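Fair warning: this is a prediction, and the values are worked out from it, not measured in the lab. Values below: every heavy atom of this structure, side chains too, minus hydrogens, waters and symmetry copies. First listed ligand is number 1; within each ligand, the first listed atom is number 1.
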Amino acid sequence: MDRRHFLRGASAALAAASSGAWAATDPSSPPPAGPAAPPPRAPLSPQFAPPAALAPIRARPDRIVAISSCTRPFRAQGPRIEAERIGRKTVIHNYGHGGSGWSLSWGSADYAVRLALAADARELAVIGCGAIGLTTALVAQRAGLRVRIYAKDRFPDVRSFFATGVWSPDSRVCTTEYATPAFEKRWEEMARISFRRYQTLLGLPGEPIEWRDGYVLSDIPFDQPLPARHEDQEPSYPSLDSKLLDDLSPAAVPLAPGEHPFPVPHVARYSQMTFNISAYSRLLMDDFLHAGGELHTREFDNPRQFSDLHEKVLINATGYGARALLGDDSIIPIRGQTARLIPQPEVDYGISWRGHNLYAVPRRDGVLVQAQSASDFNNPDDTPDRAASVAAVAKLASLFG
Ligand SMILES: Cc1cc2nc3c(=O)[nH]c(=O)nc-3n(C[C@H](O)[C@H](O)[C@H](O)COP(=O)(O)OP(=O)(O)OC[C@H]3O[C@@H](n4cnc5c(N)ncnc54)[C@H](O)[C@@H]3O)c2cc1C
């Protein structure tokens with residue numbers, strides 16, 4: 001997830017404010033600060049209580065139980081999903097999903113499996129066992145194929161395990177110049193397929209997938225631009241989500257002072273689909289094995305070694321690993337780091353503090369706090385930087401007094 005995705009909530013909040021679409025709340029609250037004062041709101045219906053107080057996040061460095069950093073497999077052109085003949089094998093590539101791999105996984109898998117079926121596959125080898133490999137394997141099984149996964153690592157030792165875990169289908173998925181109408185069409189189809197699949201995974205034991213509230217905070221009105229930001233040193237990314245998927249998620253709602261506990265003048269509440277990656281990755285793996293899937297530990301040094309495999313059709317879902325395996329320099333590493341605080345089940349909301357590079361996500365396995373740096377782009381270094389996470393946690397703590 002990146003800040004642009006969170007700020008979509010803020011801009012949606014602003015759009016809601018200017019169209020007068022306000023939530024019914026305590027009528028005694030003063031109107032929000034900012035240039036565009038909202039129209040008066042209808043009185044609160046007596047049968048509804050005011051919103052409950054939010055449980056504070058216990059943001060202290062000594063509560064950090066894990067810090068992980070890894071690289072997003074970014075391609076300016078977007079994910080590579082296409083068939084190639086390598087020796088006597090048909091290899092369908094499915095890699096390069098940037099910061100949106102979890103979000104697009106099911107739709108991307110659908111595309112890749114269609115290509116495998118077109119190649120007359122009955123048995124399929126999937127190389128890679130991250131978010132993309134596992135979902136591809138499951139979609140192939142449902143299409144009636146016998147599937148073996150070959151991978152160097154499996155959960156929890158794959159990069160996918162270290163993602164933030166939110167619906168962010170356009171996060172660093174391509175650059176603006178490559179967002180052609182054809183790309184947008186394919187992206188939208190992938191995103192909608194994935195979104196539909198995720199709604200079938202709600203309400204399951206362990207809550208692998210759930211919807212959570214979040215609060216976007218801003219020191220300045222949402223319609224005022226921020227000073228120079230980390231992302232400004234990165235390429236320009238298209239805002240595909242707000243352009244093409246506006247009907248999928250609820251709009252953010254601006255809140256007046258008194259309607260939230262945060263010591264920040266501008267606040268809006270959004271809803272966000274969250275992936276509890278520990279539980280979710282286990283569910284995916286269990287489903288794959290129950291459907292007769294096989295998982296083999298195997299590392300490939302070069303694509304010629306694909307000829308060792310029994311299957312004639314392969315799907316290459318090696319993520320960032322494809323850079324070395326295929327010598328594909330179009331994959332650019334974008335470093336990301338997250339710290340996990342001891343789980344607080346009572347904390348059921350996320351936070352994005354605009355202009356402060358602060359993001360917190362309420363996962364079941366802990367409150368996730370992202371740390372971003374100006375040197376993340378094209379940075380393959382996945383050594384955790386504890387000081388950066390401690391600083392992010394301290395910033396989070398400043399919101400709780
Ligand atoms: C900090 C951070 C936060 C993120 N947050 C989100 C988010 O909130 N939402 C979202 O949708 N996305 C998010 N992403 C992006 C998402 O995590 C990636 O797009 C996704 O994990 C890519 O999955 P993958 O299966 O392609 O790669 P991987 O998880 O890296 O899996 C690759 C697999 O291929 C195997 N492999 C690689 N090379 C070889 C080889 N030579 N031989 C054999 N096997 C090999 C590996 O062992 C592994 O099994 C985030 C990424 C980062 C870094």
| Do other residues, nucleotides or ligands put more than 12 heavy atoms under 6.0 Å from Lys312 NZ? | no

In ligand 1, the atoms that come under 4.0 Å of a heavy atom of Gly165 are 7 (C), 8 (O)

CG of Leu104 to CE of Met190, rounded to nearest 0.5 Å, is 5.0 Å

A student comparing Gly101, Gly130, Gly128, Ser160 should find that the heavy atom closest to atom 23 (O) of ligand 1 comes from Ser160

### Message
With a 6.0 Å cut-off on the ring centroids, do Phe300 and Phe306 count as close?
### Response
yes

If you take the centroid of each ring, where Trp contributes its six-membered ring, are Tyr270 and Tyr215 closer together than 6.0 Å?
no

Of Ala151, Ser108, Cys129, Cys70, the one whose closest heavy atom lies nearest atom 33 (C) of ligand 1 is Cys129

Closest to atom 12 (N) of ligand 1 by heavy-atom distance, out of Gly336, Gly99, Ala163, Ser69, is Gly99

With heavy atoms and a 4.0 Å threshold, my read on which part of Ser105 contacts ligand 1 is neither

Contact region, Arg298 to ligand 1, non-hydrogen atoms below 4.0 Å, reads backbone

A student checking ligand 1 against Gly319 at a 4.0 Å heavy-atom cut-off should list atoms 26 (O), 27 (O)

If you compare Asp170, Val166, Ile132, Val158 by their heavy atoms, the one closest to atom 26 (O) of ligand 1 turns out to be Ile132

